[in-house]
Amino acid sequence: MRKFQSEIYDCIDLYVSIGEDRNTVSGEFDFYSEKDRNDFIEGNYDGVTCDVKDKNGKDAVLVYFIDKESANISTIAHESFHAADFIMDSLGMVFNKNCENEHVAYLIGWVARCIERYIV
């Protein structure tokens with residue numbers, strides 16, 4: 001698992017994990033509910049994104065892929081959107097209805113680049 005910090009949104013961290021044991025990964029975080037933790041551990045998915053808190057109580061987003069093959073462009077795009085959505089929610093940012101959403105595009109791109117750095 002690797003931790004990433006945004007230079008702009010440094011009050012929330014991004015963690016990326018690929019193929020690691022889900023029980024071990026889940027033990028590194030506090031989930032908002034036991035149901036969220038169980039869904040992470042037992043879910044049947046290629047990738048999943050969770051809003052969590054690290055062990056110091058700091059807001060974090062966890063992006064997990066079951067293996068490198070499932071970290072394909074489609075799943076990376078999908079999970080990057082979810083991660084940006086969680087980050088925006090945590091920071092109180094809004095999605096504009098009039099197409100001025102450069103902040104969203106930036107966040108999605110940043111998350112995707114972090115995932116790419118982890119894979120390579």
Side-chain angles (χ1 to χ4, degrees):
M1 182 166 44
R2 187 165 167 198
K3 175 181 170 181
F4 297 90
Q5 294 176 298
S6 168
E7 296 167 1
I8 296 174
Y9 307 114
D10 60 353
C11 54
I12 188 165
D13 295 329
L14 172 70
Y15 290 84
V16 178
S17 175
I18 300 175
E20 297 172 81
D21 177 71
R22 289 189 233 183
N23 284 307
T24 302
V25 171
S26 70
E28 297 294 316
F29 301 98
D30 291 324
F31 286 72
Y32 285 92
S33 71
E34 198 58 34
K35 179 189 180 316
D36 289 348
R37 180 183 300 281
N38 289 338
D39 288 348
F40 174 79
I41 293 170
E42 299 169 6
N44 182 18
Y45 45 74
D46 288 339
V48 64
T49 301
C50 306
D51 59 334
V52 294
K53 290 199 179 282
D54 68 15
K55 289 302 181 181
N56 295 319
K58 184 177 181 182
D59 287 333
V61 172
L62 169 63
V63 179
Y64 178 85
F65 300 93
I66 58 169
D67 53 34
K68 275 193 171 186
E69 290 75 36
S70 45
N72 58 57
I73 192 66
S74 177
T75 310
I76 291 171
H78 181 98
E79 299 307 331
S80 294
F81 176 84
H82 286 307
D85 191 35
F86 282 130
I87 292 169
M88 288 176 52
D89 187 55
S90 178
L91 299 175
M93 297 168 65
V94 296
F95 188 88
N96 298 311
K97 293 182 181 177
N98 60 355
C99 297
E100 295 178 11
N101 291 296
E102 195 65 23
H103 59 296
V104 181
Y106 168 79
L107 274 173
I108 292 170
W110 176 74
V111 172
R113 280 192 314 276
C114 292
I115 295 168
E116 178 186 44
R117 286 185 208 135
Y118 183 83
I119 292 171
V120 201

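Proximity of a side-chain donor or acceptor of Asn101 to a complementary backbone N or O of Asn96 within less than 3.5 Å is detected.
Heavy atoms from other residues, nucleotides or ligands lying under 6.0 Å from NZ of Lys97 number 12 at most.
One distance of note links CE of Met1 with CG of Leu62; it measures 7.0 Å at 0.5 Å rounding. Taking CD1 of Ile41 as the start and OG1 of Thr24 as the end, the distance is 9.5 Å to the nearest 0.5 Å. Expressed to the nearest 0.5 Å, how far CD of Gln5 lies from SG of Cys11 amounts to 11.0 Å. Here the CG atom belonging to Asp54 is positioned 5.0 Å from the CG atom belonging to Asn56, to the nearest 0.5 angstrom.
Hydrophobic clustering (ILVMFWY, side-chain heavy atoms < 4.5 Å, transitive): Ile76 and Ile87 are in one cluster. Under the 4.5 Å side-chain contact rule for hydrophobic residues, Leu91 and Val63 share a cluster. Ile18 and Ile73 are assigned to two separate hydrophobic clusters, defined by single-linkage of ILVMFWY side chains at heavy-atom distances under 4.5 Å. When the side chains of ILVMFWY residues are joined at heavy-atom separations under 4.5 Å, either directly or via intervening members, Val61 and Met93 end up in a single hydrophobic cluster. Clustering ILVMFWY residues whenever any of their side-chain heavy atoms sit less than 4.5 angstrom apart, transitively, puts Ile12 in the very cluster that holds Val16.
Of all heavy-atom pairs spanning Ser17 and Val25, the tightest one is OG-CG2, 3.5 Å.
For Tyr9, there are no ring pair (Phe, Tyr, Trp, His ring centres under 6.0 Å) partners two or more places apart in sequence or in a different chain. When the side-chain hydrogen bond (donor to acceptor under 3.5 Å, both in side chains) test is applied to Ser26, no partner is found at least two apart in sequence or on another chain.
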Please list every donor-acceptor pair under 3.5 Å in which a side-chain atom of residues 103-120 meets a protein atom from a residue at least two apart or in another chain.
| from | atom 1 | to | atom 2 | distance (Å) |
| --- | --- | --- | --- | --- |
| His103 | NE2 | Val94 | O | 2.7 |
| Arg113 | NH1 | Gly109 | O | 3.4 |
| Tyr118 | OH | Glu20 | OE2 | 3.3 |

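Counting only residues at least two apart or in different chains, side-chain hydrogen bond (donor to acceptor under 3.5 Å, both in side chains) contacts with residues 38-48 comprise Arg22-Tyr45, Lys35-Asp39. Each salt bridge (Lys or Arg N to Asp or Glu O under 4.0 Å) pair with one or both residues in residues 57-72, not counting sequence neighbours, appears once here: Asp13-Lys58, Lys53-Asp59. Legend: ring pair (Phe, Tyr, Trp, His ring centres under 6.0 Å) pairs involving residues 46-81, not counting sequence neighbours, sorted by first then second residue: Phe40-Tyr64, His78-His82.
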What do the steps show when you test Asp30 against Lys55 for side-chain contact (heavy atoms from CB on, under 4.5 Å), and what is the final call? CA-CA 7 Å; Asp30 291 324; Lys55 289 302 181 181; 3.2 Å; yes
